Number of protein chains: 2
Amino acid sequence: MKHEDFHQHSHHNHNDCIDTALETAETLCAEQGQRLTKVRRRALELIWESHRPLGAYQLLAKLAEEGFNSAPPTVYRALDFLLGAGLIHKVESMNAYLGCAHADKAHKGYFLICDECHNVMEFDYQDIHAALIEKAAHQGFELRAETIELTGLCAKCKEKSVGASA
Amino acid sequence: MKHEDFHQHSHHNHNDCIDTALETAETLCAEQGQRLTKVRRRALELIWESHRPLGAYQLLAKLAEEGFNSAPPTVYRALDFLLGAGLIHKVESMNAYLGCAHADKAHKGYFLICDECHNVMEFDYQDIHAALIEKAAHQGFELRAETIELTGLCAKCKEKSVGASA
DNA sequence: GTTTTACTTGTTATATCATAACAAAATTCT
DNA sequence: AGAATTTTGTTATGATATAACAAGTAAAAC
Ligand SMILES: [Zn+2]
Ligand SMILES: [Zn+2]
Ligand SMILES: [Zn+2]
Ligand SMILES: [Zn+2]
């Protein structure tokens, strides 16, 4: 079972996801001589707890509740750190941030975003990645980063809408 | 010569691009019983004149200079109309708007964005579109919209940087 | 183990992007 | 002309993000 399919399933113990993600984060930061400070660690945890993309100010509010400083730079600094370390992704079309379950492998974040329930699934697609690099190179363009965000209707919501109209 | 290659070439007469785009816009709106009013038309023209993605407030400033109302809703309404008619695209990762040279054909906007010069090239890639639809469908996901924004170094800027280091 | 250095956080202010709500005007339809 | 629809004007506010500089903290050098 792939992680994305796993996440689609509603009854998994999401705490395991969080624990794994945090452990990976600790390891990666240690390896790279980066400091996963309290606020950065807690920000990452909160992003994972939400289980769907979290806006910067939503995150800031949660941090503030816990006694962290409540000014915007606090949260944007934490987000910048986590983005830089590859521990989270930004979903550009939502201005929101999402934990990455494959932070240990450098990769681009490709997303399926449901218009209805706003769940986001990250997917990995090497074929498309290769095709994009080639396509860009063909125009003399050196690819550095990709924003691939697909919106539509997820399997669950599609079922529901069929049920409703029947 | 494809349009995107054409646009990469610095000596083309961009006025022709603008004229063509505006004619297409007139035709499309007429066909669909949509009204390309003064402010909408001028907004489209200004977006094309900039020749790279234009922010909403940059556009608003230009419109205001010409005597149009200078409050944000003016520009966002024009942008909404133009987006809805498929005459422009929004580049999500830049929060900026770009004229579409293929407004007559329904399509998704795929972009190559240069980190250095901030020029944006729209490209068309049916192979990728098909692969994405299939990939999404495979997970039970019904695809409605795509945000495909690739950043990196364009051919020109790559040349320059090679020249500088030599 | 104290000084130096680099990094991290606090704080205030401001920039940038976008929409809500309702009134007035213009256009189209009957 | 009168009614309905669409577009625009206007004021206010919400949402997202960064600049700039001071204060604190941890790591490195000595
Ligand atoms: Zn990821
Ligand atoms: Zn859904
Ligand atoms: Zn286009
Ligand atoms: Zn360039």
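Order of the sequence lines sets the chain letters (A, B, ...), proteins ahead of strands, with each chain counted from 1. Note that the coordinates shown come from a computational prediction; the quantities given were computed from them, not determined experimentally.
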Residues that A:Glu142 engages under salt bridge (charged side-chain N to carboxylate O under 4.0 Å, His left out), provided they are two or more places apart:
none
Is the closest side-chain heavy-atom distance between A:Asn119 and A:Leu112 below 4.5 Å?
no
Using the ring-ring contact (aromatic ring centres under 6.0 Å, His included) criterion, which residues pair with B:Phe68? Sequence neighbours excluded.
none
Go along nucleotides 23-30 of chain C 5' to 3' and tag each nucleotide: B for a protein heavy atom under 4.0 Å from its base, S when only backbone or sugar atoms are that close, - otherwise.
----S---
Going by side-chain hydrogen bond (donor to acceptor under 3.5 Å, both in side chains), name the pairs with one or both residues in residues 52-68 of chain B, residues two or more places apart or in two chains.
B:Arg42-B:Glu66
Contacts of A:Phe81 and A:Ala71 projected onto DNA chain C by closest heavy atom; the upstream (5') one is A:Phe81
Atom CZ of A:Arg40 and atom C1' of C:dT8 are separated, to the nearest Å, by 7 Å
Inter- and intrachain pairs under side-chain hydrogen bond (donor to acceptor under 3.5 Å, both in side chains), touching residues 74-89 of chain B, at least two apart:
B:Asn69-B:Thr74, B:His89-B:His107, B:His89-B:Glu122
Sequence neighbours left out, what passes side-chain contact (heavy atoms from CB on, under 4.5 Å) with B:Gln126? Give chain and number order.
B:Asp124, B:His129
Distance under 4.0 Å to a non-hydrogen atom of chain A counts as contact; along DNA chain D, which nucleotides mark the start and end?
D:dT16 to D:dA26
By salt bridge (charged side-chain N to carboxylate O under 4.0 Å, His left out), A:Asp115 pairs with (sequence neighbours left out) B:Arg144
With a sphere of 6.0 Å drawn around CD of A:Glu49, does it hold more than 12 non-hydrogen atoms of other residues, nucleotides or ligands?
yes
What pairs meet the side-chain hydrogen bond (donor to acceptor under 3.5 Å, both in side chains) rule with one or both residues in residues 24-37 of chain B, with sequence neighbours excluded?
B:Glu26-B:Arg41
Tell me the bend of the helix from C:dG1-D:dC30 to C:dT30-D:dA1 as the angle between end helix axes, each from five pairs, rounded to the nearest 10 degrees.
30°
ring-ring contact (aromatic ring centres under 6.0 Å, His included) filter on A:Phe81, not counting sequence neighbours, yields none
Round to a whole Å and report the spacing from CG of A:Asp80 to P of C:dT8.
12 Å
Between the protein and nucleotides 14-18 of chain C, which nitrogen or oxygen pairs are less than 3.5 angstrom apart?
{"residue": "C:dA18", "atom": "OP1", "partner": "B:Lys90", "partner atom": "NZ", "Å": "2.5"}
{"residue": "C:dA18", "atom": "OP2", "partner": "B:Tyr76", "partner atom": "OH", "Å": "3.1"}
{"residue": "C:dA18", "atom": "OP2", "partner": "B:Tyr97", "partner atom": "OH", "Å": "3.2"}
{"residue": "C:dA18", "atom": "O5'", "partner": "B:Tyr76", "partner atom": "OH", "Å": "3.4"}
{"residue": "C:dA18", "atom": "N7", "partner": "B:Tyr57", "partner atom": "OH", "Å": "2.6"}
{"residue": "C:dA18", "atom": "N6", "partner": "B:Tyr57", "partner atom": "OH", "Å": "3.3"}

With a 4.5 Å heavy-atom cut-off, do A:Thr147 and B:Thr151 have their side chains touching?
no
Answer whether the closest heavy-atom distance between the side chains of A:Val120 and A:Met94 falls below 4.5 Å.
yes
Any side-chain donor near an acceptor of the partner, A:Tyr110 and A:Glu149, under 3.5 Å
no
